[in-house]
Amino acid sequence: RSAAGDRPSLLVCPTSLTDNWEREAQRFVPKFKVSIIRGPRRKTQWDEGKSADLLITSYAIIRRDLTALKEMQFDYLILDEAQHIKNPATANARACKSVVARRRLVLTGTPLENSPEDLWSILDFLEPGLLGSRTAFRDYYADIHNSRELQDDLSSRVGPLILRRTKKEVCKELPPKMEHTIFCEMEPDQRKLYDELLKQGRAQCGKMLKSGQKGAGIELLTTLLRLRQTCCDPALLPNKMGAQVSSAKGDLLRELILENIDSKHKMLLFSQFTTQLALVRSWLDNNRIDYEYLDGSTRNRLDKVDNFNENQDLSLFLLSLKAGGTGLNLTSADTVIIYDPWWNPAVELQAADRT
């Protein structure tokens, strides 16, 4: 608590990270009275939480329990993975901005996901009015991607409120991160399938645009998805259209995994497709290679993390990019494989920095 000591602090995070935050509090502030707000007894938990040092809850609970929160005041209000309020019109953003607290902090590895307006929403939570209205901000910085002057202007305005902690500053003994982009050519049958899908997609999109038919944008995105799946592994395509087609990238991945296991490395493998991870799991099972696995449906996340960190015989952890890219301390790993690049490089960096 602050010197005043009359209010608890509230930390809001994704549901999957509440237990992790409780563990971190036990580690770094063991004298704190910490309580997680969740489940059917929340009204009682909020009442009892007034005497706690730190309350931890999720964005989903904040949205539901606004009535209870209106009767409370906090010392610190901390948002973890604050990109959850990047859209000011959402219930998440409105609920968080309505909570009364002396001080506000946000934590995020991806403050900009889609546009500069993401940053506006986060700063509107921290310092309302600092960047003007949303409309004025959008109009003024409309050409920020092409204007160094506008970029410097925005940086100077928000810079004093941002603390960026880098690994180099925190753990000086760590060696520099080495990054390798590995290319491979598609097999002939894979290339043939790719070209056919590309041709069909172009023809269909062109036909829809020419006729004025709605849905050309959706058709374009579907074609791009099918092409990405073909590059990853044709077996990902629907209706088994690529079931018998080889995957050059899959072959290279298996080679990399075996090579790193032989070299005694511990690896994290990220993919945005859980179906891709399922293919890797099948191969690992057939070859009797032990691994850990985590995606959005995983409930015992911390048990998985602990097992991987503590078991020296486990060399590989498979993770979905969205579910495994935040809130995990996989410090035993020294190698990260991003199997299929994400459209936002910041998300990839955040995932790689789990280790």
Side-chain angles (χ1 to χ4, degrees), residues 9-18 21 37 55-67 69-70 72-165 272 296 321-323 325-327 342-351 353:
S9 291
L10 176 64
L11 188 145
V12 186
C13 62
T15 304
S16 59
L17 303 186
T18 52
W21 268 106
I37 309 297
L55 301 179
I56 302 170
T57 195
S58 66
Y59 289 99
I61 297 300
I62 286 290
R63 294 197 306 267
R64 295 174 195 161
D65 291 359
L66 277 179
T67 302
L69 283 165
K70 286 179 180 178
M72 299 182 68
Q73 295 184 348
F74 299 94
D75 188 12
Y76 278 92
L77 172 58
I78 306 166
L79 305 187
D80 186 28
E81 301 300 336
Q83 63 272 18
H84 280 71
I85 65 163
K86 66 184 180 183
N87 184 344
T90 61
N92 273 349
R94 293 196 302 270
C96 291
K97 291 175 183 179
S98 69
V99 177
V100 178
R102 288 193 181 103
R103 307 169 181 89
R104 292 180 172 186
L105 295 173
V106 300
L107 308 171
T108 176
T110 50
L112 289 170
E113 284 196 315
N114 299 319
S115 74
E117 289 178 54
D118 297 349
L119 188 61
W120 180 90
S121 184
I122 292 173
L123 267 294
D124 188 55
F125 167 82
L126 278 177
E127 288 288 343
L130 177 71
L131 298 178
S133 70
R134 187 185 183 192
T135 302
F137 178 87
R138 184 194 302 123
D139 293 343
Y140 183 74
Y141 292 107
D143 196 40
I144 194 171
H145 297 289
N146 303 312
S147 171
R148 183 66 188 182
E149 184 180 350
L150 287 175
Q151 292 169 18
D152 291 341
D153 176 74
L154 181 57
S155 178
S156 67
R157 294 173 74 178
V158 303
L161 299 179
I162 297 176
L163 175 64
R164 186 167 184 244
R165 187 182 70 162
Q272 64 177 295
L321 194 60
K322 291 298 285 183
T326 57
W342 188 254
W343 61 269
N344 185 346
V347 175
E348 292 180 19
L349 290 172
Q350 192 173 20
D353 286 341

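Treat the numbers as computed from the prediction; the structure is a model and nothing was measured.
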Short side-chain to backbone donor-acceptor contact, [X] and [Y], under 3.5 Å:
{"X": "S9", "Y": "Y76", "value": "yes"}
{"X": "S121", "Y": "I85", "value": "yes"}
{"X": "Q151", "Y": "I144", "value": "yes"}
{"X": "W120", "Y": "G132", "value": "yes"}
{"X": "Q73", "Y": "V100", "value": "no"}

Rounded to the nearest 0.5 Å, what separates atom [atom1] in [X] from atom [atom2] in [Y]?
{"X": "F137", "Y": "L123", "atom1": "CZ", "atom2": "CG", "answer": "8.0 Å"}
{"X": "I37", "Y": "T18", "atom1": "CD1", "atom2": "OG1", "answer": "11.0 Å"}
{"X": "L77", "Y": "L55", "atom1": "CG", "atom2": "CG", "answer": "11.0 Å"}
{"X": "D118", "Y": "Q83", "atom1": "CG", "atom2": "CD", "answer": "9.5 Å"}
{"X": "Q272", "Y": "W342", "atom1": "CD", "atom2": "CH2", "answer": "5.0 Å"}
{"X": "T108", "Y": "E81", "atom1": "OG1", "atom2": "CD", "answer": "6.0 Å"}

| request: Apply side chain to side chain contact (heavy atoms under 4.5 Å, CB included) to R157 and L130, showing your working. | output: CA-CA 8 Å; R157 294 173 74 178; L130 177 71; 5.7 Å; no
Looking at [X] and [Y], what are the two nearest heavy atoms and their distance?
{"X": "R138", "Y": "E117", "value": "NE-OE2, 3.1 Å"}
{"X": "L105", "Y": "F125", "value": "O-CE2, 4.2 Å"}
{"X": "A323", "Y": "G296", "value": "CB-N, 3.4 Å"}
{"X": "V106", "Y": "A82", "value": "CB-CB, 3.7 Å"}
{"X": "L10", "Y": "L69", "value": "CD2-CD2, 4.2 Å"}
{"X": "N92", "Y": "R63", "value": "OD1-NH1, 2.6 Å"}

| message | Working note: I122 + L79, criterion side chain to side chain contact (heavy atoms under 4.5 Å, CB included); need CA distance, chi angles, decisive distance, verdict. | response | CA-CA 10 Å; I122 292 173; L79 305 187; over 6 Å; no
| Derivation and outcome, side chain to side chain contact (heavy atoms under 4.5 Å, CB included), residues I62 and T57 | CA-CA 7 Å; I62 286 290; T57 195; 3.9 Å; yes
| Test log, rule side chain to side chain contact (heavy atoms under 4.5 Å, CB included), inputs L154 and L131 | CA-CA 9 Å; L154 181 57; L131 298 178; 4.2 Å; yes
| task | Please state whether the rings of Y59 and H84 are parallel, tilted or perpendicular, taking 30° and 60° as the class boundaries. | result |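 The arrangement is parallel - the two ring planes meet at less than 30°.
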